[in-house]
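Letters A, B, ... mirror the listed sequences (proteins, then strands); counts begin at 1.
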Amino acid sequence: MTNEDIMRWIECTADVLRENRTYLTDLDSAIGDADHGINMDRGFSAIRDKFPTMATMDIPTRIKTVGSTLISTVGGAAGPLYGTAYLRAAGAVAGKQELTSADVVAMLEAFLGGIVARGKAQPGEKTMVDALTPALNAAQQALNDGATIEQITDRAATAAEEGAKATIPLLATKGRASYLGERSIGHQDPGATSSSLILRCLAETCVGK
Amino acid sequence: MTNEDIMRWIECTADVLRENRTYLTDLDSAIGDADHGINMDRGFSAIRDKFPTMATMDIPTRIKTVGSTLISTVGGAAGPLYGTAYLRAAGAVAGKQELTSADVVAMLEAFLGGIVARGKAQPGEKTMVDALTPALNAAQQALNDGATIEQITDRAATAAEEGAKATIPLLATKGRASYLGERSIGHQDPGATSSSLILRCLAETCVGK
Amino acid sequence: MKKLINKPEDVVKEALAGMQAAHSDLISVDIEQQIIVRKNAPVQGKVGIISGGGSGHEPMHGGFVGFGMLDAACPGAVFTSPVPDQMLAATKAVNGGAGVLHIVKNYTGDVLNFEMAAELAQADGIDVESVVTNDDVAVQDSLYTAGRRGVGVTVLLEKIVGALAETGAPLSQVSAMARKVNDHGRSMGMALTSCIVPAAGKPTFDLGEDEMEIGIGIHGEPGRRRVKLASALEITEMLTTPIVEDMDLKAGESVLAMVNGMGGTPLIELYIVFDALHRLLHGKRITIARSLVGNYITSLEMAGCSITLVRLDDELMKYWDAPVHTPALRWGM
Amino acid sequence: MKKLINKPEDVVKEALAGMQAAHSDLISVDIEQQIIVRKNAPVQGKVGIISGGGSGHEPMHGGFVGFGMLDAACPGAVFTSPVPDQMLAATKAVNGGAGVLHIVKNYTGDVLNFEMAAELAQADGIDVESVVTNDDVAVQDSLYTAGRRGVGVTVLLEKIVGALAETGAPLSQVSAMARKVNDHGRSMGMALTSCIVPAAGKPTFDLGEDEMEIGIGIHGEPGRRRVKLASALEITEMLTTPIVEDMDLKAGESVLAMVNGMGGTPLIELYIVFDALHRLLHGKRITIARSLVGNYITSLEMAGCSITLVRLDDELMKYWDAPVHTPALRWGM
Ligand SMILES: Nc1ncnc2c1ncn2[C@@H]1O[C@H](COP(=O)(O)OP(=O)(O)O)[C@@H](O)[C@H]1O
Ligand SMILES: Nc1ncnc2c1ncn2[C@@H]1O[C@H](COP(=O)(O)OP(=O)(O)O)[C@@H](O)[C@H]1O
Ligand SMILES: [Mg+2]
Ligand SMILES: [Mg+2]
Ligand SMILES: [Mg+2]
Ligand SMILES: [Mg+2]
């Protein structure tokens, strides 16, 4: 991935989160407090405002800017979680002018690592982790299988989407949904869903690579 | 009318106001504060509780008891207005053991007089006065025409009912409905309606007399 | 009907029992007679001040009983003025020998019942004066009608007059001050929703999802006109302009401003309206020298607000700032 | 959506502007950064106390900034915890050299953001301690979950801890007191209606005309279970019994009791609930020594209530009774 690809990934994410603002908020209405779409859109709108200054940044700085902007503007659970994820992702690609397949997988690993470090959730607790863990596994598998970057990111995104869907039958034990106890069952987790959207953007950016 | 007739009139009024509690309250919802039926029922329920002690009272004392109980339990505009009306009615039949036709008409005149003295409303202001004024006129006319007490009270009740209906197109200038200005037009006045119910009970008590 | 109540007929008495339990340091409640009396009443030599009206307007009036405000309050049934018996008993309970002021909101029921109570008290040899508040600019004033309603000014008046009475001022002066505050203040209100009288069990009026009522009173009654929903800025303008015009407020003047919630509107929205009011008056160079933002004179669970302005001079400001200690208003002690 | 607002995205900032306009004697509001700071901050030698959380809970927390309570509050977007930048700026603004206490309600978002802020402040050389409130008995406590929510106790804790801080007590003692109050208190809440997040524009959940939610938090989220509408007595029992059991309150003990409205419930109903609570505890020979009845920690325009009990001892009672002067709580001055 080039620096321009990274920018396109961020732009795509900002667009897709805006399109899915109501959808994510509706998911959060069912088992949370009806703000996840609003929160993510607020954060990525702030990032959009920074696009002009981001134009001259290198890859790690761009990703770091996403992280720190999310921390400064999102709040809620998603702000520190995604903020830390992007900051760690930036750290994982420090000094790189372009990302190889292995770099992208390392970035994903750091991204998930940031969320786990902050949120302390295990897989199966009905959180972002349930989209990102299978995504990372799929990406690592694909990398080992010698797949292209297009295939790696596509499989990661698909696994994330399936992981998000698979949160439906789960009983939440982390985040706001955990307060609902049994009533959290039967609803898709909003954070897992936004994670899958972010990874689908990554895959779309890598189409043809 | 005998003392027993007076008691039956009061009993009938208590029953009819209970039956029309919701109806009167609905009328008051449209142009008032949704309590007229509740108020009247509260007052006549308190009177009903006094039926045992009222058993031994004479005519003026019975009517006076209705008036003072209404004053003590109804509140709102209707309490002092009807309370004063019954007190004045009792005064008009002071010392009587039985009421002639002329006594009944004099009682009606005092009843209306009490309401006007308290409320200072003229005919046409969309109040109780608009039921009671034509009722008194009809009763006086019938008395002059030599009608029976049954006919006198029936014509009074009918005139009151027509008077209540005729409040519909009026613009209220007294009571709570006046706050609505033009919006008070098109609704029947709750107080005029309860007045017509009271007079219909009087007429029913006099059937066959 | 969704309410935290038991039986509709027990609403007033149980709420009074709750007030007694919560504020036994300040008030004594006669639950049977429905009278809330200041703990140390009667205060010898002080003019007693009582008010009353239908229930459903809480904290008014019971929440304003205490040092520096009311000596007693008489709550009636929901939205129904109390009866003369209550007012007479309250008048006797607070008469410390200096006479009693009745603060009456201008509604036919309130006026007639207080009138009867005042006659009875005077017959008992108690000096009673009555002041009728009529500050609602939504209603046209006229000699030939029921006149304007008494609304928000009543709250501010009870505070100011209560402070004057604590100084030991005579009844004539206390009632003159009440008339002054009433003359100096105007209000107007609006509703986003109706409310449900417990005994009626259904909303007093129906309002579309995109409609509101402008010029309501405090009894869940419909207002002067029904219009399309508007922004807080526009609503504030609709309520404030008639007040400012009726009061003929001029640049350079100071006011006491109240943004009052009707019961179902959260504080965050009332602060938005206060911001709008502040900007609007600032634009006219009228200073908000003192303010109240919150639920003070309500209509059960109605959503909506009212705005009250009182033209301030040094005297009114002094009595407004004086200490007060009641369940709902407290400062300086 | 029927609200007294202008644009949904301006709700928080305009409400803050309204607070600033109404309470400029007590607080300074940085509307851009969304920080409400006590007028005379930092108070030299006094532990600074800050709290924060999503907006939509007014008067909490901004209404509790002032003498004897908070030094600063950080309101986030509606129902969304504030960001570390706000908390860091607030921490710096109130640091009078004796360190700063962060009062954090136990929600993942609040905890994570305050955690980051505390790290940043400590890196800047400011002594910061954090206390997390988690008093909601509707939620099962467990090491392996997000744990119980912080709700009503937060309000009472801010008052008590604020009073201790005014005495010049050191940070360790102030944070120990915060933990003590949290340990001594429990809450539970219920909803008759949902509420509408302005930016979402529609109710967070749908509730039938004869249904209610038991075990809700303060973010308009559905509760632990949905049940048929019940009487105020039954509801009070449903909320109080789990609290009393969890606290293991015994006959002869004294509590501070709060009956809190969720924003859309009128005071008359809250007093009915307080009466029910008073009768229920009286039956268990538990004394309500102090109380609060009103809207203190709300969920926008949600109708419903919550009950909070704090076991009182002489120390807690002393700091509860100490003077406080904030927009929403004031006594003794
Ligand atoms: N401890 C955690 N670890 C990972 N993700 C979490 C954790 N807690 C919450 N989340 C995620 O955060 C999402 C909610 O984010 P958001 O609605 O923006 O914040 P809030 O819950 O503060 O309103 C949940 O759907 C869940 O995926
Ligand atoms: N000044 C008046 N004179 C005669 N009747 C009046 C007057 N004012 C009001 N009324 C009557 O009182 C009725 C309302 O009674 P009610 O609803 O019990 O009292 P309130 O208006 O105090 O709620 C009106 O319908 C009207 O007929
Ligand atoms: Mg959320
Ligand atoms: Mg009425
Ligand atoms: Mg009435
Ligand atoms: Mg949130």
Side-chain angles (χ1 to χ4, degrees), chain B residues 21-22 24-43 45-46 68-84 87 115 117-122 124-128 171-184 187 191, chain C residues 8-9 34 52-54 56 74-87 107-117 136 138-140 142 144-149 194-206 213 215-226 299:
Chain B
R21 178 186 154 102
T22 307
L24 292 172
T25 299
D26 285 349
L27 290 179
D28 200 28
S29 295
I31 54 170
D33 57 350
D35 65 0
H36 186 58
I38 301 163
N39 292 346
M40 295 306 291
D41 185 36
R42 183 174 54 251
S45 294
S68 59
T69 309
L70 291 179
I71 290 173
S72 296
T73 61
V74 175
L81 289 169
Y82 278 128
T84 307
L87 289 186
I115 284 175
R118 268 286 154 222
K120 317 242 158 28
Q122 310 273 334
E125 301 205 82
K126 201 173 185 117
T127 71
M128 301 165 179
L171 175 91
T173 49
K174 279 284 176 332
R176 218 174 268 290
S178 69
Y179 306 138
L180 286 172
E182 302 285 328
R183 286 179 85 183
S184 66
H187 301 279
Chain C
E9 57 270 31
Q34 298 188 185
C74 312
V78 170
F79 293 167
T80 301
S81 99
V83 299
D85 310 46
Q86 289 167 271
M87 299 158 177
Y107 300 95
T108 306
D110 296 66
V111 169
L112 295 184
N113 283 283
F114 265 108
E115 210 169 84
M116 296 183 92
D136 187 350
V139 177
Q140 212 91 45
S142 154
Y144 305 103
T145 67
R148 288 193 311 233
R149 295 176 286 226
S194 182
C195 61
I196 301 180
V197 174
K202 56 187 184 213
T204 303
F205 56 88
D206 290 311
E213 288 275 337
I216 55 149
I218 53 170
H219 299 86
E221 67 275 63
R224 295 293 291 194
R225 53 185 211 275
R226 182 168 293 195
S299 233

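The contact between V78(C) and chain B is made entirely by backbone atoms, counting heavy-atom distances below 4.5 Å. The contact between E125(B) and chain C is made entirely by side chain atoms (from C-beta outward), counting heavy-atom distances below 4.5 Å. Looking at R118(B), both its backbone and its side chain come within 4.5 Å of chain C, counting heavy atoms on both sides. Using a 4.5 Å cut-off between heavy atoms, L180(B) contacts chain C through both its backbone and its side chain. Residue contact with chain B, scored on non-hydrogen atoms closer than 4.5 Å, involves the backbone of R225(C) exclusively. There is no contact between F205(C) and chain B, counting heavy-atom distances below 4.5 Å. With a 4.5 Å cut-off on non-hydrogen atoms, N113(C) touches chain B through its backbone and its side chain both. If you measure heavy-atom distances from P82(C) to chain B, the contacts under 4.5 Å come from the backbone alone. Heavy atoms closer than 4.5 Å to chain B are found in the side chain of E213(C), but not in its backbone.
Heavy-atom pairs under 4.5 Å with chain C peak, among P80(B), A77(B), A177(B), at P80(B). If you tally non-hydrogen atom pairs under 4.5 Å between each of P84(C), G76(C), G53(C) and chain B, the highest count goes to P84(C). For chain C, the option among T25(B), T22(B), I71(B), D26(B) with the highest count of heavy-atom pairs below 4.5 Å is I71(B). Each of G215(C), G217(C), G223(C) has some count of heavy-atom pairs under 4.5 Å with chain B, and the biggest count is that of G223(C). Ranked by heavy-atom pairs under 4.5 Å with chain C, the list A121(B), A30(B), G79(B), G175(B) is led by G175(B). Interface summary for chain B: among V111(C), D136(C), V83(C), the most heavy-atom pairs under 4.5 angstrom belong to V83(C).
Side-chain atoms of L171(B) and E182(B), non-hydrogen and from C-beta on, do get closer than 4.5 Å to each other. Side-chain contact check for R176(B) versus I31(B): every heavy-atom pair is 4.5 Å or farther apart. Side-chain contact between R226(C) and R183(B): present, with at least one pair of heavy atoms (C-beta onward) separated by less than 4.5 Å. Residues D33(B) and Y179(B) have side chains not in contact (no heavy-atom distance under 4.5 Å, counting atoms from C-beta outward). F79(C) has its side chain out of reach of E221(C): every pair of non-hydrogen atoms, C-beta onward, lies at least 4.5 Å apart. Annotation: side chain of M116(C) is not in contact with side chain of M87(C) (no heavy-atom distance under 4.5 Å).
When all heavy atoms of A77(C) and Q34(C) are compared, the pair lying nearest together is N-NE2, 4.5 Å. Across A138(C) and R149(C), no two heavy atoms sit closer than the pair CB-NH2, 3.9 Å. Closest approach of T73(B) and A46(B) over heavy atoms only: CG2-CB, 3.8 Å.
In this structure, D28(B) contributes its side chain and H36(B) its backbone to a donor-acceptor pair below 3.5 Å.
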